[in-house]
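Below is the structure I would like to discuss, written out as structure tokens.
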Amino acid sequence: MSTHLEPSLPHPAAAVPGRRALSGIPLGTALKESLLKLRPSTQVRNPVMFTVYVGSMLTTLLWIAGLSGHADADTGFMFAVSAWLWFTVLFANFAEALAEGRGKQQAAALRGLRTTVIARVVQGVPADTPATAEAYRGHVTERPSGSLHKGDIVLVEAGGTIPGDGEIIAGIASVDESAITGESAPVIREAGGDFSSVTGGTRVLSDWIIVQVAANPGESFLDRMIAMVESARRQKTPNEIALNILLVGLTLVFLLVVATLLPFSFFAISAAGQGTVIAITALVALLVCLIPTTIGGLLSAIGVAGMSRMMRANVIATSGRAVEAAGDVDVLLLDKTGTITFGNRQASAFHPAPGVAADVLARAACLASQADETPEGRSIAALAARQLGHMPEAAAGAAFVPFSAHTRMSGVDLADRRIRKGAVDAMQGWLAGQGAMLPEAVARAADDAGRRGSTPLVVCDGRAALGVVELKDIVKPGMRERFGELRRMGIKTVMITGDNKLTAAAIAAEAGVDDFLAQATPEAKLALIRRYQADGRLVAMTGDGTNDAPALAQADVAVAMNSGTQAAKEAGNMVDLDSDPTKLIEVVETGKQMLMTRGALTTFSIANDVAKYFAIIPAAFAGVYPQLAALNVMRLASPSSAILSAVVFNALIIIVLIPLALKGVRYRPLGAAALLRRNLLVYGLGGLLVPFAGIKLIDMILAATGLA
Ligand SMILES: Nc1ncnc2c1ncn2[C@@H]1O[C@H](COP(=O)(O)OP(=O)(O)OP(=O)(O)O)[C@@H](O)[C@H]1O
Ligand SMILES: [K+]
Ligand SMILES: [Mg+2]
């Protein structure tokens, strides 16, 4: 089988430029894009900047008319104003092009991963064929991966590239996922349990797997990633739409205000030649300075840059709305096994009930696990075989009872015996159904295992409890510190697990979560989320299992572990390629940064008006109302230099703020009120004061160089 994937392909996050705002993006391309974005069809999508665009055209026409002798102002002034209005539009285009440039680089890197491989599709297998590589090899037809559809079965053997996203239905293999995750250590993927999903483009290093394809052409994980980073497909988020409405409202208000001043100009034109008029060019300049061009010009760049930042954190968001919601999350629910812990629960010991021989327990546990394809089941069979010195014969006519998240038990029905293993409370129910009780000593052994953070499984043969199997799992490192950080951000962490209370308590304490819910069924997980949401809280959920899928679908922000099942990944609106549950910190930071950056630049943009007002009004109206000279606090060189300075400042401030828009306002884990106060101080006060200094400086330069 041929593989077209270069082993050294960059993974998407690695292909992304460094943390500095402008590095790595070809400026030439962005400049060219800024010019292309002058198309009216593009401009009309941004009402604030479209107003400036129309103003630029109008002043340009007035200037041309002025050249042929119909001027209502100095033509040099008219030319300068119209030129700077065009710059204002171009600068906003440039900001957007820069932000999109980064997304395009990420998309290109991802496209590189989406190469066609030859898929070995299995077809026409007789019904009783065992699902093994040997048996399936004879039924393989080769097809390009692009033609695979949902439900197709493919065989992938060592050295082969997995041709599409899917679920392993048989086999176990070590898989190199570095092309997608950037993590070089191979991972084990196997049928059954929570590690059964595979991603197209990753490589099988050893053994074989039979995969059921889960996505139709163009709908794969990679395709969705590409669509998301390509801003063309980016949908406006609810907050963005709300802000846009506010900006449009402000623009209309100022448009009305300025329009009421028009009669002065018409009067002036009819009485041309007198100096006491307001030129239309000056009115357009006034309008552009008053409407929120700073935020209007940078708004889309802020959104695009937020998605890119998420991507650099190795989180693939498939919904912009979720990224934004992440900024306001109050509660984080986490699944235990596979999310907080590594999730390959391995049987570590048998604890027989008093009077039960160790081998009797081992043999029963083994029988109940022989057809159990979960990692837990396989590890129990392996431990039993080691203890017994051999693998017990599979009993003829045995009917396997598979594990389910509802029953939380599994087992086997033989001709005369019913053997079960499962969660303590589930097995108590099983015994109670037969009028029996869990012996004190077995309950104690289970509790002891729970206190060690292990998962105890009680094994019963009919109404006889034989003992406990201890399953060990390891908490992923660094959880405690990171959950502490989430707490400082004001986010409550709650672990929800199907495991018993003692195990849950031990793992909760070790990982440092705020609260936990034990013995939870998928419905209980879902109900908990709904309860929080009914209280008006915004809920984030991280999980990996198929049994987490309903909860993930309900949560506002749902991060599926990349190691998890296909169902979890499809239900979530983000996938963390690093399978790190505390990645929510970065997700929340990015969301908060996006909201804060928008808020900060809106504040700055509106506060700016005050200075521009003081610069332009006295200058523009001094001729009509000499009393307005009292407002001329800035003492600018001349009326035309005052107006031009305000327009130049209004354009340049967009360029100056591009790095902030792309990088985002710095986030600190402070309370929301403290953050708001700080931002109002910095961006509100800054927005008031900076333009006074900036406009005065530009005016001095214009006056000194004789340009105005
Ligand atoms: N193969 C199995 N056979 C019998 N019982 C099992 C098996 N696997 C797990 N159990 C029992 O069922 C309980 C629930 O398992 P499940 O994987 O559904 O947990 P969960 O709800 O995903 O929670 P978490 O993943 O957070 O631990 C486990 O705690 C264990 O006691
Ligand atoms: K403005
Ligand atoms: Mg789970």
Side-chain angles (χ1 to χ4, degrees), residues 48-49 51-52 85 88 92 192-194 247 250-251 254 285-297 333-341 343 345 347 365 368-369 371-381 400-411 420-427 446 449-450 454-459 468-469 471 473 495-501 503-504 507-508 516-525 542-549 551 561 564-565 568 581 604-609 611-613 616 646-647 649-651 653-654 687 691:
V48 177
M49 293 317 291
T51 309
V52 184
L85 293 188
T88 313
D194 290 349
L247 298 183
L250 280 173
T251 305
F254 286 121
L286 176 65
L287 173 65
V288 168
C289 285
L290 292 183
I291 64 174
T293 47
T294 315
I295 180 66
L333 306 184
L334 309 106
D335 157 58
K336 173 177 76 78
T337 315
T339 303
I340 294 181
T341 67
R345 282 189 286 210
S369 305
D372 184 353
E373 281 299 316
T374 64
E376 288 87 351
R378 263 194 295 262
S379 81
I380 293 171
F400 176 61
V401 181
F403 169 74
S404 88
H406 291 97
T407 59
R408 290 184 293 130
M409 60 166 82
S410 60
R420 294 289 183 277
K421 63 176 198 290
V424 181
D425 63 316
M427 294 310 294
S454 300
T455 297
L457 292 189
V458 171
V459 182
V468 170
V469 186
L471 301 170
D473 199 359
M495 183 182 91
I496 34 176
T497 174
D499 228 324
N500 70 88
K501 286 201 179 84
T503 308
I507 299 288
F516 68 86
L517 175 72
Q519 291 166 0
T521 57
E523 288 76 16
K525 294 184 182 187
T542 21
D544 71 328
T546 302
N547 59 352
D548 299 321
M561 303 288 99
T565 58
F604 189 90
S605 190
I606 291 171
N608 254 325
D609 275 1
K612 288 179 210 153
Y613 188 83
I616 293 186
V647 171
F649 177 85
N650 189 56
I653 197 69
I654 294 181

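Ligands are counted one by one from 1 in listed order, and the atoms in each one are counted from 1 as well.
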* **Heteroatom test (N, O or S) for L290 near the K ion (ligand 2), limit 3.4 Å** => no

* Is it the side chain (CB and beyond), the backbone, both or neither of D335 that lies under 4.0 Å from ligand 1, heavy atoms counted? -> both

* Asked: Is the distance between the K ion (ligand 2) and the nearest N/O/S atom of P292 smaller than 3.4 Å?
  -> no

* Is it true that some N/O/S atom of N608, main chain or side chain, lies under 3.4 Å from the K ion (ligand 2)? -> no

* Any residue meeting side chain to side chain contact (heavy atoms under 4.5 Å, CB included) with S454, in chain and number order, not counting sequence neighbours -> A449, R452, E470, K472

* Asked: Hey, looking at atom 17 (O) of ligand 1, which of E376, R345, K336 has the closest heavy atom?
  -> R345

* **Atom indices of ligand 1 within 4.0 angstrom of D499 heavy atoms, with elements** => 29 (O)

* Considering the heavy atoms of D372, write down every atom of ligand 1 situated less than 4.0 Å from one of them. => 1 (N), 2 (C), 3 (N)

* Answer yes or no for G422: is there a heavy-atom contact with ligand 1 below 4.0 Å? => yes

* Do any of the N/O/S atoms of T293, backbone or side chain, fall under 3.4 Å from the K ion (ligand 2)? -> yes

* Structure fact -> Sorted by chain and residue number, the salt bridge (charged side-chain N to carboxylate O under 4.0 Å, His left out) partners of K421 (sequence neighbours excluded) come out as D372

* To do: Heavy-atom contacts with I496 under 4.0 Å: which atoms of ligand 1 show up? List them by number with element.
  => 26 (O)

